[in-house]
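Worksheet: the structure to be examined is printed underneath.
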Amino acid sequence: MKINKIATAIGLTLALSSGANAGVLPDNQMKSDWYSAAQAKLTSKETMANATPATKAKNVILFVGDGMGISTLTAARILAGQKQGALGEEGFLSFEEFPYSAQIKTYNVDAQTPDSAGTMTAIISGVKTDVGVIGVNEDIERGKCATVAGNELITATELAEIKGLATGIISTARITHATPAATYAKSADRNWEDISDMPADAVTAGCEDIASQLVNFEKNLEARFAGVDVDGLEVVMGGGRRHFLPKDAAFNSNDAMSAVEGDRTDERDLTAQWQQMYSDGKYITDQAGFDAINGGTKRVFGLFNESHMQYEADRSNDIAGEPSLTQMTTKAIDILKNNEKGFFLTVESGRIDHAHHAGNAYNALNDTIEFANAVKAAVENTDPNETLILVTADHSHVFTIAGYPKRGNPILGQVVAVGRDTPTLAADGMPYTTVGYANGLGFRDLGDETDADASYLAAAVAGRVELSGVDTLTPGFHQEAAVPLSSETHAGEDISLHAKGPGAQLAQGVVEQNVIFHIISQALELIEE
C-alpha cells in the first residue's frame, strides 16, 4: 500500500510528488526499521484481504488456553523472547502471527465474570449458559439433576462424530474438568466428575457422572439421536485417572500418588470398560506407554496423572513420566489423520489457569509458552489449505503488568526504570514486581519449587512485602496480591481469538464467545442447512 493511500484511509491529505516520499517524511523516519516493518505488515494484510480465502475446511483444531488473558499473552511473549536472549517485547507467540483475530466477550448468562464450564459450553455448543453447568442451556438449575433433560446442547465434537470425522480431546487438566468435559458431557454441575462427587438424589434420579459419560460417549450419542451410528472418540489424553478407578488400592497404577488412587464408589473400573469396548484401542498411563503409540494406532485413551497433569516446569518430577502438550498434540494429529474425511480436535492447556489461581506467574507463563509450542507443532503437521486452526481462551485472570520498567527488564523481575540500574521504590519505600495479581494468595518465596500448587499450604498474605534481596525470577516466587483470597479469581475482560486456515477470515471484530462454535460449524459444514 502506498503512502498516499494510507493517508487517505486515515483521513489525512498529503502533498506527494510522484513516486517520492522524501518531501513528506523525514529521512530518519523513512529509514527506520520500525517504519518499514509496519509498512510491510500492512502490505501483506492488504494482499491477504484482496485474495478470496477458502471457507471450508477438512480439519479443525481448537486450542483453548484456560485463563489465557491478554496480559498473560503479553507477559508470556516477553518471557519467551527473554529466554532466547532477546529483549522480549518485540517477539510473537506462534499464534499471534496468525492472519486473523477477534476480541471475545466471555460473560456467562448469569455472571459478569465467568467460569470455565459456562464459557467452554458457549465455545463448543454455540449457546451461552450459566456458571458451573456443562453442555446444557441457561434453563438448567445448577445441581438439580431433573433440570438436565430437555436442556442438553449438542457440541461440535458430537456433530463431527455424526458427520463421520475423527475426533479427539486433549487437556493438561483432568479430562473430566470443566473445559474438556464440555466437549462431551451434559451435567447440572461441573463438579460431578465421578459418582462420589454427586449427591445421592442425583444418582437416584439417573444422572450420569462426567467420567462415565466420557467412556459412554458413543453409546450416549447414539441413544440421543435415532439412526445415528458413530465410532466414538479416537483420541483422549489428559489427567484425572482417579475419576475412572474404584476406590480400592488394588486398582492403583504405576503412577499413583495416593495410597488409594481411585475415587469411584460404585466399584466400576472405567478404564477396563473402555478397553472392553474398544479392542483396537490403547490405554496408557505414562511416558513409556505414550512413546509406544504411533500413527498406526487406531485409538488411544491416555490418563497420565491421578489428578491434573504436571505444570510444564514440573513435568520432569512426575512419578512415571508424562508427555508434553506439544507431544500429545503431534501424536493426536498423526492418529486423527487416518480418517480420510477429516478430523476435529480440541486441545486445552488447563494449567495456565491453575498457576494463576495459585498466584504463580512463572508457571502460568511457561505453560503459555508450551501452549504456543503446541500450536506451532499443529501448524507444521497439517496442510494450511485444509486445516482451520483456532486459538483462544475461555476467560482471563486478574493478572497485571504495571509500573514503568525499562525495555528488556525481566518480565518476572522487579521494576527498574528507564536509565536506572536499581529497582524503583513505591511510595512505601519498597520495590515491586512488574507482574502481580489484584487478588489471591499473595506473596510466597518458595525458591526452586516448580509446583505452583505448593502455594496452598499457607494462608493468604495480603498486600505489600519487602522484596529487597528476594529473587523474583525463581519458579517458586508468587507475586503480591492486593486482596487476600483463598485462590486468585478469573477476570471479566475480553480475551482473544486467533485464526489461520479456511474460514479464518470470520474471526474479526468484537464478538460473543458462542460465535466460535459457528465458525467451526461453518468450516466443517457440521449442520445441514
Side-chain angles (χ1 to χ4, degrees), residues 64 66-67 104-158 169 171 173-214 216-217 220 224 240 242-243 263-266 307-308 346 348 350 353-354 357 393-397 485-492 495 512-514 516-517:
V64 181
D66 199 316
I104 304 297
K105 298 193 288 182
T106 64
Y107 65 92
N108 295 146
V109 170
D110 60 346
Q112 194 171 70
T113 296
D115 92 321
S116 295
T119 52
M120 189 59 184
T121 295
I123 290 170
I124 204 71
S125 301
V127 176
K128 279 183 177 272
T129 192
D130 291 345
V131 163
V133 300
I134 290 173
V136 289
N137 65 27
E138 65 192 90
D139 294 331
I140 191 81
E141 184 177 349
R142 184 174 182 179
K144 298 294 183 182
C145 173
T147 64
V148 172
N151 292 318
E152 303 98 326
L153 301 170
I154 189 167
T155 70
T157 305
E158 292 169 321
I169 308 162
S171 178
R174 295 192 297 270
I175 204 68
T176 50
H177 214 234
T179 303
T183 66
Y184 62 84
K186 323 295 171 191
S187 182
D189 198 306
R190 59 174 287 173
N191 295 323
W192 292 355
E193 294 184 62
D194 74 60
I195 195 168
S196 70
D197 300 320
M198 298 175 66
D201 60 344
V203 176
T204 301
C207 275
E208 185 178 14
D209 66 80
I210 293 168
S212 181
Q213 288 189 56
L214 176 58
N216 288 329
F217 174 79
N220 289 347
R224 284 182 64 201
R242 72 190 190 196
H243 296 300
D263 278 355
R264 299 194 67 85
T265 53
D266 58 0
S307 183
H308 303 301
T346 300
E348 185 212 15
D353 174 75
H354 300 161
H357 280 307
D394 46 359
H395 54 73
S396 184
H397 275 269
L485 292 176
S486 60
S487 178
E488 181 264 2
T489 71
H490 298 170
I495 50 85
E512 298 286 0
Q513 193 161 40
N514 53 304
I516 297 173
F517 165 87

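His357 contributes a side-chain N or O that, together with a main-chain N or O of Glu488, makes up a donor-acceptor pair within less than 3.5 Å. Judged purely by atom type and a 3.5 angstrom limit, Asp115 has no side-chain atom pairing as donor or acceptor with the backbone of Val131. Formation of a donor-acceptor pair under 3.5 Å by the Ser196 side chain with backbone atoms of Asp263 is found in this model.
Here the shortest heavy-atom pairing between Gly118 and Thr129 reads CA-CG2, 3.8 Å. In plain terms, the two heavy atoms of Ala117 and Ala178 that are nearest each other are N-CB, 3.8 Å. Ala202 approaches Cys145 most closely through the heavy-atom pair O-SG, 3.7 Å. Heavy atoms only, all atoms of each residue included: Ala173 and Gly350 are closest at CB-CA, 4.2 Å.
Atom-to-atom distance recorded for Asn108:CG and Ser116:OG is 9.0 Å, nearest 0.5 angstrom. The structure places CD1 of Ile104 at 4.5 Å from CD1 of Ile516, a figure rounded to the nearest 0.5 Å. Here the NZ-OG1 distance, from Lys128 to Thr121, works out to 11.5 Å after rounding to the nearest 0.5 Å. For the atom pair Glu152 CD and Lys186 NZ, the distance stands at 7.5 Å (nearest 0.5 Å). Atom OG1 of Thr106 sits about 10.0 Å away from atom CD of Gln112, to the nearest 0.5 Å.
Looking only at side-chain heavy atoms (C-beta outward), Thr176 and Asp194 stay at 4.5 Å or farther from each other. Contact of the Asn514 side chain with the Val127 side chain is not registered, since no non-hydrogen atoms from C-beta on lie closer than 4.5 Å. Between His243 and Ile210 the shortest side-chain heavy-atom distance does not fall below 4.5 Å. Side-chain contact between Ile175 and Leu214: present, with at least one pair of heavy atoms (C-beta onward) separated by less than 4.5 Å. Using a 4.5 Å cut-off on side-chain heavy atoms (C-beta onward), Asp353 and His490 make contact.
Legend: residues meeting side-chain hydrogen bond (donor to acceptor under 3.5 Å, both in side chains) with Thr155, ordered by chain and number and at least two apart, are Glu158. Partners of Ala393 under the side-chain contact (heavy atoms from CB on, under 4.5 Å) rule, at least two apart in sequence or in another chain, are Met68, Ile495. Judged as a side-chain hydrogen bond (donor to acceptor under 3.5 Å, both in side chains), and not counting sequence neighbours, the contacts of Thr179 are Asp66, Glu348, Asp394. With sequence neighbours excluded, the residues satisfying side-chain contact (heavy atoms from CB on, under 4.5 Å) with Ala156 are Ile124, Phe344, Phe517, Ile520, Leu526.
Checked against Glu193 for a side chain to side chain donor-acceptor pair (under 3.5 Å), the options His177, Arg242, Arg174 give a single hit: Arg174.
Applying the salt bridge (Lys or Arg N to Asp or Glu O under 4.0 Å) test to pairs two or more places apart or on separate chains, those with a residue in residues 196-211 are Asp209-Arg264.
Between the side chains of Tyr107 and Gln513, no donor-acceptor pair is found at a separation under 3.5 Å.
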Result block: side-chain N/O donor-acceptor pairs under 3.5 angstrom for residues 136-143, not counting sequence neighbours:
unit_1 : atom_1 : unit_2 : atom_2 : d
Asn137 : OD1    : Asp139 : N      : 2.9
Arg142 : NE     : Asp189 : OD2    : 3.4
Arg142 : NH2    : Asp189 : OD1    : 3.4

